[in-house]
J.: 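Before I ask anything, let me first share the structure, which is written out below as structure tokens.
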Amino acid sequence: MLIVPEALIADLVSPEDAFAAVAATFAAMARGEAYNFPVVREALGEGRQYGFKSGLDRAGGMLGVKAGGYFPGNMARGITNHQSTVYLFDPESGRPTAMVGGNLLTALRTAAASALSIDRLARREARVLGVVGAGHQAGFQLRAAARVRDWDRVIAWNLHPEMLPKLGAVAEELGLPFEAVGLERMVEADAIITITSSPAASLMAAHVAPGAHLACMGTDTKGKQEVQVALVAKARLFTDEVAQSVSIGEAQHAVAAGLVAGADIVPLGAVLAGADAGRRSDEEITLFDGTGVGLQDLAVAAVAVTRARERGLGVEVSV
Ligand code: NAD
């Protein structure tokens, strides 16, 4: 079994690798060749969450699990709030093949998913990017979105405004004008990424213009919410995994209110596979409910393992 520690990941897996791996994974899910197992997610108290995301990709020969969670006190300790590790197994024998640091991989695969949704669902001429959130993931999201459209400018809102300058620095590095705005100014955005750990809606229907695309990435657990139910109900809905969208994703609240059903939500993989045309008009609001699936984690971890083996990196251990 190969151990690929967190410190090696940045040199092994690029944002482009993550984008390609996530696109291939969503397409394999749409073809029925890969599936995610039910998510286990437990509250540990004081805002801490721990759980397992896992799956099997028959075509890709991947079986595995990501173990980890969200530990909100970590930032004060100088480490990121998300902590996770991916374990890969041989699907034929069940033998462990790799243990891979999952923190950067989580950020890369999550940003890749929302960028993929923007690439496929935002209007071609989208020029203004909105970001709601300014925590650890937000910069990755902005960098990935910058690869799929030629943005003229970025506008951003965060409940804690003191966190916005860090996101502004990422925009500056990308050469994009950046402005901190009130939520009501999100109507200027052609695409909006939400990436917060909020327990209640921030982004309301009145904040979003017709024709906008929303990539809702923060809600990955029961009880979280970033977007008003009325906005979810009026959007055309897409997701990584319908079962997760209706139970732990942004759609959970609209489903509970009886306004949306699983059958209304289109897997992004179906768009990638050509089975769904995606956006139907320039006026339609499209919403990607990115809940984060185990297969995404396995796919990017597999890239890290392949690269590490090619370069003789990592630590081989007998198990
Ligand atoms: P972080 O702790 O670094 O940042 C949290 C963000 O949420 C900050 O912008 C903070 O200001 C904001 N926030 C906190 N409380 C809020 C509230 N009550 N209302 C509105 N905003 C609030 O977290 P992060 O690592 O950037 O992750 C952000 C979210 O994304 C988390 O909920 C995390 O679980 C989720 N996430 C989802 C996926 C996925 O695949 N969908 C992957 C990774 C992370």
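For the single chain, residues carry numbers from 1 onward in sequence order. None of the values given here were measured: they were computed from a predicted structure. Both ligands and their constituent atoms are indexed starting at 1 by order of listing.
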J.: For atom 15 (N) of ligand 1, tell me which residue out of Met163, Arg109, His82, His160 has the closest non-hydrogen atom.
T.: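 When every heavy atom of Met163, Arg109, His82, His160 is considered, His160 comes closest to atom 15 (N) of ligand 1.
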J.: Just need the protein heavy atom nearest to atom 4 (O) of ligand 1, so name the residue and atom and give the distance.
T.: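 Protein heavy atom with the smallest distance to atom 4 (O) of ligand 1: Gly135 CA, 3.4 Å.
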J.: Specify the protein heavy atom at minimum distance from atom 42 (C) of ligand 1: its residue, its atom name, and the distance to 0.1 Å.
T.: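 Going by distance alone, atom 42 (C) of ligand 1 is nearest to Thr110 OG1, 3.1 Å.
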J.: Pairing donors with acceptors under 3.5 angstrom, does anything connect the side chains of Glu226 and Ser198?
T.: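 Short answer, no.
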J.: For ligand 1, which atoms, with element, lie under 4.0 Å from some heavy atom of Ala134?
T.: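 Per the distance check, 9 (O).
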J.: Report yes or no: does Ser281 contribute a side-chain atom to a donor-acceptor pair with the main-chain N or O of Glu284 at less than 3.5 Å?
T.: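 Yes; judged by distance alone, with no hydrogens or angles, the pair exists.
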J.: Applying side chain to side chain donor-acceptor pair (under 3.5 Å), run through His82 and Thr106 and close with a yes or a no.
T.: CA-CA 9 Å; His82 268 99; Thr106 296; over 6 Å; no
J.: Quick check on side chain to side chain contact (heavy atoms under 4.5 Å, CB included): which of Ile192, Val132, Thr194, Leu203 does Trp157 satisfy it with?
T.: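 Per the side chain to side chain contact (heavy atoms under 4.5 Å, CB included) rule, the option paired with Trp157 is Val132, out of Ile192, Val132, Thr194, Leu203.
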J.: Would you mind finding which of Met217, His136, Gln49, Lys53 brings a heavy atom closest to atom 39 (C) of ligand 1?
T.: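 Looking at heavy atoms only, Met217 sits closest to atom 39 (C) of ligand 1.
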J.: Any idea which atoms of ligand 1 are less than 4.0 Å away from a heavy-atom of Asp220?
T.: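 Atoms satisfying the 4.0 Å criterion: 33 (C), 34 (O), 35 (C), 36 (N), 37 (C), 38 (C).
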J.: Answer side chain, backbone, both or neither: which part of Thr196 comes under 4.0 Å from ligand 1, heavy atoms only.
T.: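 Both backbone and side chain.
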J.: Return the closest protein heavy atom for atom 5 (C) of ligand 1 as residue, atom name and distance.
T.: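 Going by distance alone, atom 5 (C) of ligand 1 is nearest to Ser197 OG, 3.6 Å.
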J.: Would Gly290 count as being in polar contact with ligand 1, using the rule that some N or O on each side must be under 3.5 angstrom apart?
T.: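 Min N/O separation from ligand 1 is below 3.5 Å for Gly290.
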J.: Could you identify the single nearest non-hydrogen protein atom to atom 18 (N) of ligand 1 and state the distance to 0.1 Å?
T.: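 Answer for atom 18 (N) of ligand 1: Pro199 CD, 3.3 Å.
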J.: Report the distance from atom OG of Ser202 to atom CD of Gln228, rounding to the nearest 0.5 Å.
T.: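 Answer rounded to 0.5 Å: 11.0 Å.
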J.: Within a reach of under 6.0 Å around CD of Glu125, are more than 12 heavy atoms found that belong to other residues, nucleotides or ligands?
T.: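 Check passes, neighbour count above 12.
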J.: Taking both backbone and side-chain atoms of Asn81, is any N or O found less than 3.5 Å from an N or O belonging to ligand 1?
T.: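 Checking ligand 1 against Asn81, an N or O pair does fall under 3.5 Å apart.
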J.: Distance to 0.1 Å, residue and atom name: give those for the protein heavy atom nearest to atom 9 (O) of ligand 1.
T.: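 Going by distance alone, atom 9 (O) of ligand 1 is nearest to Asn158 OD1, 2.7 Å.
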J.: Between the side chains of Arg236 and Thr286, does any donor sit under 3.5 Å from an acceptor?
T.: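 Their side chains do not contain a donor-acceptor pair, so the 3.5 Å distance test is not met.
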J.: What residue and heavy atom of the protein are closest to atom 28 (C) of ligand 1, and at what distance?
T.: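 Looking only at protein heavy atoms, the one closest to atom 28 (C) of ligand 1 is Ile195 O, 3.8 Å.
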J.: Checking Lys53 side chain against Gly292 main chain: does a donor-acceptor pair fall under 3.5 Å?
T.: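 Confirmed, Lys53 side chain pairs with Gly292 backbone.
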J.: Would you mind telling me if ligand 1 is within reach of the side chain of Thr291, the backbone, both or neither, using heavy atoms under 4.0 Å?
T.: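 It is the backbone that gets close, since no side chain atom is under 4.0 Å.
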J.: Give a yes/no verdict on whether any heavy atom in Glu226 is under 4.0 Å from an atom of ligand 1.
T.: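 Judged by the 4.0 Å heavy-atom criterion, Glu226 does not count as contacting ligand 1.
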J.: Just to confirm my output: which protein heavy-atom neighbour is closest to atom 16 (C) of ligand 1, and how far is it?
T.: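 Among all protein heavy atoms, the one nearest atom 16 (C) of ligand 1 is Leu159 CD2, 3.7 Å.
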J.: Heavy atoms only: give me the nearest Ala156-Leu164 pair and the separation to one decimal.
T.: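 Heavy atoms of Ala156 and Leu164 come nearest at CB-CD2, 3.8 Å.
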J.: Please report which non-hydrogen protein atom sits nearest to atom 23 (O) of ligand 1, along with the residue it belongs to and the distance in Å to one decimal place.
T.: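 Going by distance alone, atom 23 (O) of ligand 1 is nearest to Tyr70 OH, 3.4 Å.
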J.: Is the number of heavy atoms from other residues, nucleotides or ligands under 6.0 Å of Glu172 CD greater than 12?
T.: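 Open.
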J.: Run through the side-chain heavy atoms of Ile, Leu, Val, Met, Phe, Trp and Tyr, join any pair under 4.5 Å, and report what else lands in Leu63's cluster.
T.: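 Listed partners: Met1, Ile3, Tyr35, Phe37, Val40, Leu44, Tyr50, Phe52, Leu56, Val65, Phe71, Tyr87, Phe89, Met99, Val315, Val317, Val319.
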J.: Report, in ascending order of atom number, the atoms of ligand 1 lying under 4.0 Å from any heavy atom of Gly133.
T.: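 Contacts of ligand 1 toward Gly133, numbered from 1: 9 (O).
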J.: Side chain of Asp57, backbone of Gly60: donor and acceptor closer than 3.5 Å?
T.: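 Between the backbone of Gly60 and the side chain of Asp57 there is a qualifying donor-acceptor contact (under 3.5 Å).
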J.: Between Gln244, Glu162, Gln137, Lys224, flag the one that comes closest to atom 27 (O) of ligand 1 by a heavy atom.
T.: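 Nearest heavy atom to atom 27 (O) of ligand 1 lies in Gln137.
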